[in-house]
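Below: the structure, in structure tokens.
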Amino acid sequence: MEAPKNYDPQLSESKWYAHWMKKGYFHSEPDEREPYTVVIPPPNVTGVLHMGHMLNNTIQDILVRRARMLGKNACWVPGTDHASIATEAKVVQKLRQEGIKKSDLTREEFLKHAFEWKEKHGGIILEQLKKLGASCDWERTSFTMDEKYSESVIDVFIDLYKKGKIYRGVRMVNWDPEALTALSDEEVLHKEVNSKLFYVRYKIAETDDQWLTIATTRPETILGDSAICINPEDPRFIHLHGKNAIVPLSNRTIPIITDEYVDMEFGTGCLKVTPAHDTNDYELGKKHQLETIDIFNANGTLNQFGLHYEGMDRFAVRQAIEKELHDKGYLVKTEDHINKIGFSERTNAVIEPRLSLQWFVSMKELAQPALENVMNGNIQFHPEKFKNTYKHWMDNIKDWCISRQLWWGHQIPAWYFGEGSEDYVVCKTREEAIALATAKSGRNITISDLKQDDDVLDTWFSSWLWPISVFDGLTAPGNNDIKYYYPTNDLVTAPEIMFFWVARMIIAGYEYLGDLPFKNVYYTGIVRDKLGRKMSKSLGNSPDPIELIEKYGADGVRMGILISSPAGNDLPFDSSQCEQGRNFANKIWNAYRLVSSWEVQEFEQPKSSVIGVEWFKSKLNKELNTINDLYDKFRISEALMTTYKLVWDDFCAWYLEIIKPGYQQPIDPKTLAETKAFFEALLKIIHPFMPFISEELWHSLKNREEGNDIIVSRWPEIETCDEVILRSFEKTENIITQIRNFRKQNNIASKVKIELFIKTNEETYDGSMDPIILKMGNLSQIEQISEKLNNSSSFMEGLNEYFIPFGEHIDIESEKKKINEELNHLKGFLKSVQAKLSNEKFVSSAPEQVVNMERKKEKDANDKIALLSEKLSSLN
RNA sequence: GGGAGAUUAGCUCAGCUGGUUUAGAGCACCUGCCUUACAAGCAGGGGGUCGGGGGUUCGAAUCCCUCAUCUCCCA
């Protein structure tokens, strides 16, 4: 049965994916081959596929498939991340819809709900990746809360604690009043916001009517003020040194202190100090031993220190207090002001700096090898510019707050046996805890005396072990997998999580295995919509990837998303790009239809086919070489573009047209065999980008033995490439284009045969390409002549002149115009060349080669101008 | 406020260890074609002086300075 005109992706995709799965091609076990390992950036377990995943996983699949074809033992480990805060937020929300409050549940009950949710929604994203064609080793699917995995997380906590790298302490942390947890610095997004600057006056103590004015963006925190601070150098406020001030509304007396920290230029030069609610104020408070008055509850409402505002939300209080300050004469004025405010990455709540007791990892020392090995190139970033960002962060690395006041995650293995700040032990089990606590306290501790820390660990405290723990590298050290697959090869991820994840994996890699976790990091860009906005669920501007796949085919979408996406660049995505991908698939499909339609008959290979084959062999090798090089440089989208042009332009538009027999004519066996061999090689090159159609046609092209699938075929080897024939063919293309141009300008149908005469002025002309020109130009003959041919249209290629005899309706004027345009161009060119050559300094100081080149340009241009001028005069 | 990067055809990007022809590609666009592989196609074509200014050099999109605009990271 004849193949349909258009390629239908639906028919091949599920078929071949199932076939690959059945054959176990994605599964990897250690063997004697060279390993090629990629670990997926684990998506949130309850997430759904978005365009960012599509880009990211397409790139990984391309790398993995190519490595497999290069004969490596390719292993792509998939999995999901428990994403503690994001998942917990979703579960809490879902429970709320059912009328259940988290606070009404015990930890165990809540976790039961969470696991149910995970069972129901977890892993949808992995199923979606299969639609994309991702060749992950699904037998190795990991989850950051798997038993072994969790064990390794806890082990690492204990180990770092024992090494003194983890400590517990009261610090100013980023508090998310909505999720009711602390966040790491990296989880806070700073945004510019229009706000107001409030000028509030404070009475100076023991005076009747002396005041000072402060400027603040947060008037509600007045109730937590512990001091007023001025710059000691500020001449305006010398009289305030050593005095006290009265806090409005609460009427507390607070000291006026001096510190260089205060910017005399900003606001009024008087700063109110609220150590409990601002990071800088906290530092000031510590320095000057100020009282710390925390006026907020955990959820952002005011507590008893908030006086009559107790129980109200912080933002409501800001409005109310503005009014009260105004009514009571404390508010001097307000001004519009733009400042940066921190928002929770997950809940988008305004972050409240809050003093609390948390666990921290001390990072400075741990970070050293991770910094060095990126800077010295042991780990390579693509593009390299991200090294700068990385270095900047690593040089200024801060301690990492790892405790989260959540339940979904790895519960911190600390056991408390008393109220004292040191009354705890860190260990794996309750039994160990009893023994340790007994020893530490010097009294007999029983189970009922022990309470495990309620908090869980930051999600990234488990993700940073990903390349190690998916291979059980910590719980079963030195096992075959970890020995074989680690270090992994390439990591493909977004620059946004360079600090969250990439940097910390590198740190963990060196700390725990003494080796890098991966050799290359490929940073993808952010997928944006046409308007340049980041694609997000809340904006609703992200197309559903699954719908795209249904519409354009997985191959089409893969190509569409990759075609204009160099590493590290944002990708403005428009679904019309997938059309290009779909069209390409269709082009390949039709090339196959053509090749498969030919009848074979025994006869001698036409001269044009002999040359065509010879040329394409060289062309294929040259471009394959380029493609390999681009892969090595991680210039994946350029490798795709090169492949696209090789297939569409060189193979379809040129090669197939050259060897194509006339309508209903047979083809000779030699040409057909060679063409099929080319087609096979091309399908292999296409396969990493478009796995489905390449597998489909691989089987259409030939009956294959069981197990002879393109996915496990060998990547084409580079053979020699004849540069001479390539250059000669380029000229031939020009000649044929000129002939087509002549036809078009003179309205001569492509079916009508025409004659071509050549006057050769170049010695190298050997006529070897004539059979191709004859066929592609649809010529009746090519004849060499030694004199100009009158009454003809002509063009030049190099210095050779080509003549096509005039038909009846040739437009001499347009012929002249054409020649004049070319002359003008050449004269302009010549002028620029001569300008250089007449410059003595150029001739004396430029390298000889360069000067000679310019001389040759000058000669060529002159020769050509002479020939064209002559031609022009012959037309007159 | 500190740091990094970018600015090349309508769009997305190459080119940037300075010199192989007065800048390349894909898409989009324009013109003509339903020429029996493909109109999801074929053939042909137009379009930028490389963000502005200054400098170094025999020579700059490519190096330096400066201004402008944008993006990202950090505080």
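Only heavy atoms go into these numbers, but all of them, side chains included; no hydrogens, no water, no symmetry mates.
- In the region residues 622-631 of chain A, proximity to RNA chain B at under 4.0 angstrom, judged on heavy atoms, holds for none of the residues.
- Comparing A:Trp654 and A:Lys841 against RNA chain B, the residue whose closest nucleotide sits nearer the 5' end is A:Trp654.
- Classification of the A:Phe651-A:Tyr655 ring pair by plane angle, with boundaries at 30° and 60°, yields parallel.
- Contact annotation for A:Asn747: no contact, since no heavy-atom pair falls under 4.0 Å across all strands.
- Ring planes of A:Tyr631 and A:Phe689: parallel class, angle under 30° (limits at 30 and 60°).
- Taking only distance into account, the side chain of A:Lys5 never meets the base of B:C38 through a donor-acceptor pair shorter than 3.5 Å.
- Ring orientation note: the planes of A:Phe729 and A:Trp654 are nearly perpendicular, at an angle over 60° on the 30°/60° scale.
- Taking the six-membered ring where the residue is Trp, A:Tyr802 and A:Phe795 present parallel rings, their angle staying beneath 30° rather than reaching 60°.
- Residue A:Phe386 is out of contact with every strand shown, counting any heavy-atom pair closer than 4.0 Å.
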Could you list, one pair per line, each protein nitrogen or oxygen that sits under 3.5 Å from a nitrogen or oxygen of nucleotides 28-31 of chain B, together with the distance?
unit_1 : atom_1 : unit_2   : atom_2 : d
B:U31  : O2     : A:Lys744 : NZ     : 2.6

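- Among the heavy atoms of the strands, none lies under 4.0 Å from A:Pro495.
- Below the 3.5 angstrom threshold, one finds no donor paired with an acceptor across the side chain of A:Glu657 and the base of B:A43.
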